[in-house]
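Here the structure is laid out as structure tokens; the discussion comes afterwards.
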Amino acid sequence: MNFDIEFALATLPYILSGLWTTIWVAIAGSLGASLLGFSFEILRRTGWVMGLLMRFVIDFIRSTPLLVQIYFLYYVLPFYGVVLPALVVGVLALSVYYSGYLAEVFKAGIDSIPRGQTEAAQALGLTAADTILRVIAPQMLRNIAAPMGNYFVSILKATPYLAVIAVPEMLGAALDIGSDTFRYSEPMLMVGAVFLILAVSIAWAVRQLELRLLASAKR
């Protein structure tokens, strides 16, 4: 079967109908993963008992495939009376899975800040929350902007996994076209092209943010 460029272009509007869902899920998943990952890392530093617990949680999350987590949330939890919409499951699965990786990114970012910064904040009478938000977080973000951006791209590229639970994102739209027409190469190529454009755009935006943060640090 020859590749039909006209058919490929004709599939684009239907594929783009799932673009907003893809972008929304990726943004929500990135925010959720960042908040969870940062919380895990802060809790890991509150004491040796909590530290051991958080290490176990982070390692468990990172060692479990994303697809297994999606299936568990969507197909297993209902047996225990917890029924979640597919979109909620998608966002939750992406948030939890990538929080384990981002926790390690936050760990590296916090460890790169001289300990004297925290001690100085304590000497000035700042609370633990103020120290984290006003002293540690701004400096940490300058150091981890690039790796965080890489994981945001990874979250975007992981959204097609949600097609297995019928989330109406772009891959799901392409699979619908393929099942109706028995032609998969054209819609799949269009999906790949759109994902490439989105990934390159995110990488460029993260690079610009990193340059701005570095420039502000030199002032």
Self-check item: Path from Phe182 to Tyr184 over hydrophobic side-chain contacts below 4.5 Å
Solution: no
Exercise. Provide the full list of side-chain hydrogen bond (donor to acceptor under 3.5 Å, both in side chains) pairs with a residue in residues 143-164, sequence neighbours left out, each pair given once.
Key: Ser112-Asn143
Quiz item: For the residue pair Pro160 and Leu171, what are the closest heavy atoms and their distance?
Solution: CB-CD2, 3.3 Å
Exercise. Could you list the residues that satisfy side chain to side chain donor-acceptor pair (under 3.5 Å) with Arg45, not counting sequence neighbours?
Key: Glu41, Asp111
Quiz item: Where is the tightest heavy-atom contact between Ala163 and Leu175, given as atom of each residue plus distance?
Solution: CB-CD1, 4.3 Å
Quiz prompt | side chain to side chain contact (heavy atoms under 4.5 Å, CB included) between Ser99 and Phe38, intermediate numbers included | solution = CA-CA 8 Å; Ser99 67; Phe38 188 67; over 6 Å; no
Practice problem: Any chance you could measure Ile23, atom CD1, to Glu169, atom CD, to the nearest 0.5 Å? | Solution: 12.0 Å
Self-check item: Min side-chain heavy-atom separation Ile113-Met140 under 4.5 Å
Solution: yes
Quiz prompt | Member of Met54, Lys107, Glu104 meeting the side chain to side chain contact (heavy atoms under 4.5 Å, CB included) criterion with Phe40 | solution = Met54
Quiz item: So if you build clusters from Ile, Leu, Val, Met, Phe, Trp, Tyr with side-chain heavy-atom gaps below 4.5 Å, do Val164 and Met188 land together?
Solution: no
Quiz item: Would a 4.5 Å heavy-atom cut-off, applied to side chains only, mark Val96 and Leu73 as touching?
Solution: no
Practice problem: May I have the step-by-step check of side chain to side chain contact (heavy atoms under 4.5 Å, CB included) for Leu87 and Leu162, ending in yes or no? | Solution: CA-CA 8 Å; Leu87 270 175; Leu162 307 187; 5.9 Å; no
Exercise. Indicate yes or no for a side-chain donor-acceptor contact from Glu186 to the backbone of Leu189 under 3.5 Å, with no hydrogens or angles considered.
Key: no
Exercise. Can you measure from CG (Leu36) to CG (Leu31) and round to the nearest 0.5 angstrom?
Key: 11.0 Å
Practice problem: Calculate, to the nearest 0.5 Å, the distance between atoms CH2 and CD1 belonging to Trp24 and Ile27 respectively. | Solution: 10.0 Å
Quiz prompt | Nearest heavy-atom neighbours spanning Ile165 and Val89 | solution = CD1-CG1, 3.8 Å
Quiz item: At their closest point, which heavy atom of Met190 faces which heavy atom of Ile15, and how far apart are they?
Solution: CB-CD1, 3.6 Å
Quiz prompt | Leu198-Val200 co-clustered via ILVMFWY side chain contacts under 4.5 Å | solution = no
Quiz item: Do Thr127 and Asp130 have side-chain atoms, one donor and one acceptor, less than 3.5 Å apart?
Solution: yes
Quiz item: Do you know the tightest heavy-atom contact between Ala93 and Leu66?
Solution: O-CD1, 3.8 Å
Quiz item: Do Val167 and Val76 belong to the same hydrophobic cluster, where Ile, Leu, Val, Met, Phe, Trp and Tyr are linked whenever their side-chain heavy atoms lie under 4.5 Å apart, directly or via other members?
Solution: yes
Quiz item: Would you say Val83 and Leu77 make side-chain contact, with heavy atoms under 4.5 Å?
Solution: no
Exercise. Please state whether the rings of Tyr101 and Tyr98 are parallel, tilted or perpendicular, taking 30° and 60° as the class boundaries.
Key: tilted
Quiz item: Heavy-atom distance under 4.5 Å between the side chains of Arg44 and Leu52, does that happen here?
Solution: no
Quiz item: Does a side-chain heavy-atom distance below 4.5 Å link Pro85 with Val88?
Solution: yes
Quiz prompt | Straight-line distance of Asp4 CG to Ser185 OG, nearest 0.5 Å | solution = 9.0 Å
Quiz item: What closest approach, in Å, do Gly32 and Ser95 show between heavy atoms, and which atom pair accounts for it?
Solution: CA-OG, 3.5 Å
Quiz item: CG of Leu94 to CD1 of Ile155: how many Å apart, nearest 0.5 Å?
Solution: 6.5 Å
Practice problem: Treat each ILVMFWY residue as a node, draw an edge where side-chain heavy atoms are under 4.5 Å apart, and state whether Leu84 and Val68 are in one component. | Solution: no
Quiz item: Taking only residues at least two apart or on different chains, which pairs with a member in residues 48-75 satisfy side-chain hydrogen bond (donor to acceptor under 3.5 Å, both in side chains)?
Solution: none
Quiz item: How many angstroms lie between CG in Asp176 and OG1 in Thr11, if you round to the nearest 0.5 Å?
Solution: 12.0 Å
Quiz item: Is Phe56 close to Ile61 at the side-chain level, that is, under 4.5 Å between some pair of heavy atoms?
Solution: no
